[in-house]
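Counting convention: from 1, in listed order, for ligands and their atoms alike. Since we're looking at a predicted model, the values are computed, not measured.
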Amino acid sequence: MSVTTQQLTRWKQQGRTIVALTAWDYTIAQLLDISGVDLILVGDSLAVILGYETTLPITLDEMIHHAQAVRRGVKNALVVVDLPFLTYQETISQAMHSAGRVLKETGAQAVKLEGGYPAMVSAITRLVEAGIPVMGHVGLTPQSIHQLGLGQQGKTQEAGERIFNEAIALEKAGVFAIVLEHIPTKLALQITQELCIPTIGIGAGSGCDGQVLVTSDILGLSEKQPPFAKVYTNLRETITKAVQDYAVEVREGEFPK
Ligand code: KIV
């Protein structure tokens, strides 16, 4: 049985921490799944893997293409797919069309949308009414990089209250979980204690119901990592060394024998 959106809420009630990571292809998704990751996010941070500087250029077709590969590699985890920039912000019908394409064409169980402002809450309400599971995302929302930058959000009383109220509005709209990105630990804890649905933190401290990081960051594949990421291994070094060893052996006639 694969992980369900309802199970995440039960895990929150039971105090079982949710483990989430991002994936962008079949192989990585399969490895995360067999390692016991609960939720696999096909994040639009895929942009970085594709060589873009921000998440803005990623298209819905690119997300769907990668989400299909991820889905083929996953047997147990819940698969959630980011709707990319300007594929859901224009109108409710645009959001419905994009989310519907993701669910129909990839087999993923849910979509994630950034923002908790009133128009986004209305769009999410309609998606949930239509039976589309939605994960929210507040705090640092990288699709708004040119407005917010990539720094910590919610540092002033006013900004913190705004994020707190957005999270409450998203829960009312029916999201099954909310990503809290790069906000103060205390604020994330307040939101986590207030909500019945789970919070999944990234750079939001240890008080959330679950944690997510970008897999290329924890594997040391990214050229640079955000300050809150932890690098568990250095695959850039490992891969470079393996490729250099191969090149030497081929050039020196040592491989193949
Ligand atoms: O795109 C992404 O990888 C994300 C995570 C950072 C939460 O949204």
Side-chain angles (χ1 to χ4, degrees), residues 8 18-25 28-29 32 37-60 62-67 69-70 74 77-89 98-99 102 106 108 110-116 120 124 133-145 148-154 163 166-167 170 175-183 188 191-192 197-205 208-219 221-231:
L8 300 185
I18 298 159
V19 177
L21 277 171
T22 65
W24 56 89
D25 65 17
I28 291 289
L32 301 188
V37 170
D38 302 313
L39 185 157
I40 297 182
L41 172 67
V42 187
D44 59 358
S45 54
L46 163 69
V48 179
I49 294 293
L50 298 186
Y52 297 120
E53 281 194 10
T54 71
T55 56
L56 273 55
I58 280 275
T59 65
L60 188 59
E62 284 171 321
M63 290 301 295
I64 287 175
H65 175 74
H66 285 266
V70 166
V74 175
L78 182 77
V79 177
V80 183
V81 181
D82 263 342
L83 291 190
F85 181 57
L86 285 194
T87 67
Y88 60 98
Q89 292 96 336
S98 301
V102 167
T106 71
V111 292
K112 176 164 82 59
L113 280 64
E114 292 185 6
M120 190 49 54
I124 288 174
V134 178
M135 182 153 89
H137 183 157
V138 297
L140 174 60
T141 45
Q143 291 178 14
S144 308
I145 184 172
L148 303 179
L150 290 177
Q152 193 184 50
Q153 303 297 305
I163 293 170
E166 285 179 351
L170 285 172
V175 300
F176 67 87
I178 303 189
V179 170
L180 303 178
E181 181 163 353
H182 210 4
I183 60 172
I191 295 172
T192 302
I197 53 163
T199 58
I200 312 289
I202 171 163
C208 298
D209 300 302
Q211 296 292 329
V212 62
L213 280 176
V214 173
T215 297
S216 53
D217 291 340
I218 73 160
L219 297 181
L221 273 173
S222 313
E223 282 172 278
K224 51 180 191 283
Q225 290 84 18
F228 47 78
K230 182 167 175 189
V231 182

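Proximity to G43 (heavy-atom distance under 4.0 Å) selects the following atoms of ligand 1: 1 (O), 2 (C), 3 (O). Against a heavy-atom cut-off of under 4.0 Å, I202 is close to the following atoms of ligand 1: 6 (C). In the vicinity of T22, heavy-atom distances shorter than 4.0 Å reach the ligand 1 atoms 3 (O). Counting atoms of ligand 1 from 1 in the listed order, those under 4.0 Å from a heavy atom of H137 are 8 (O). Near V214, meaning under 4.0 Å from one of its heavy atoms, ligand 1 places the atoms 3 (O), 6 (C).
Taking H137 as the reference, K112, E181 meet the side-chain hydrogen bond (donor to acceptor under 3.5 Å, both in side chains) condition, with sequence neighbours excluded. Annotation: ring-ring contact (aromatic ring centres under 6.0 Å, His included) contacts of F228 (sequence neighbours excluded): H182.
A donor-acceptor pair under 3.5 Å is absent between the side-chain atoms of Q143 and the main chain of E114, judged by distance alone.
Heavy-atom minimum distance, G136 versus L170: CA-CD1, 4.3 Å.
Here the protein heavy atom with the shortest distance to atom 2 (C) of ligand 1 is S45 OG, 3.3 Å. The nearest heavy-atom contact from the protein to atom 4 (C) of ligand 1 is L41 CD2, 3.6 Å. Given atom 8 (O) of ligand 1, the protein heavy atom at minimum distance is K112 NZ, 2.9 Å.
When heavy-atom distances to ligand 1 are checked against a 4.0 Å cut-off, T55 has no atom that comes that close, whether in backbone or side chain. By the criterion of a heavy-atom distance under 4.0 Å, neither the backbone nor the side chain of L213 is placed next to ligand 1.
In this structure, F85 and D44 have side chains that are not in contact, with every pair of non-hydrogen atoms separated by 4.5 Å or more. When side chains are defined from C-beta on, M63 counts as touching V81, because their heavy atoms get closer than 4.5 Å.
For S222 and D217, the side-chain atoms include at least one donor-acceptor pair closer than 3.5 Å.
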Working for side chain to side chain contact (heavy atoms under 4.5 Å, CB included), residues I28 and L219: CA-CA 11 Å; I28 291 289; L219 297 181; 4.2 Å; yes
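Inclusion of E114 in the set of residues having an N or O under 3.5 Å from an N or O of ligand 1 is not warranted.
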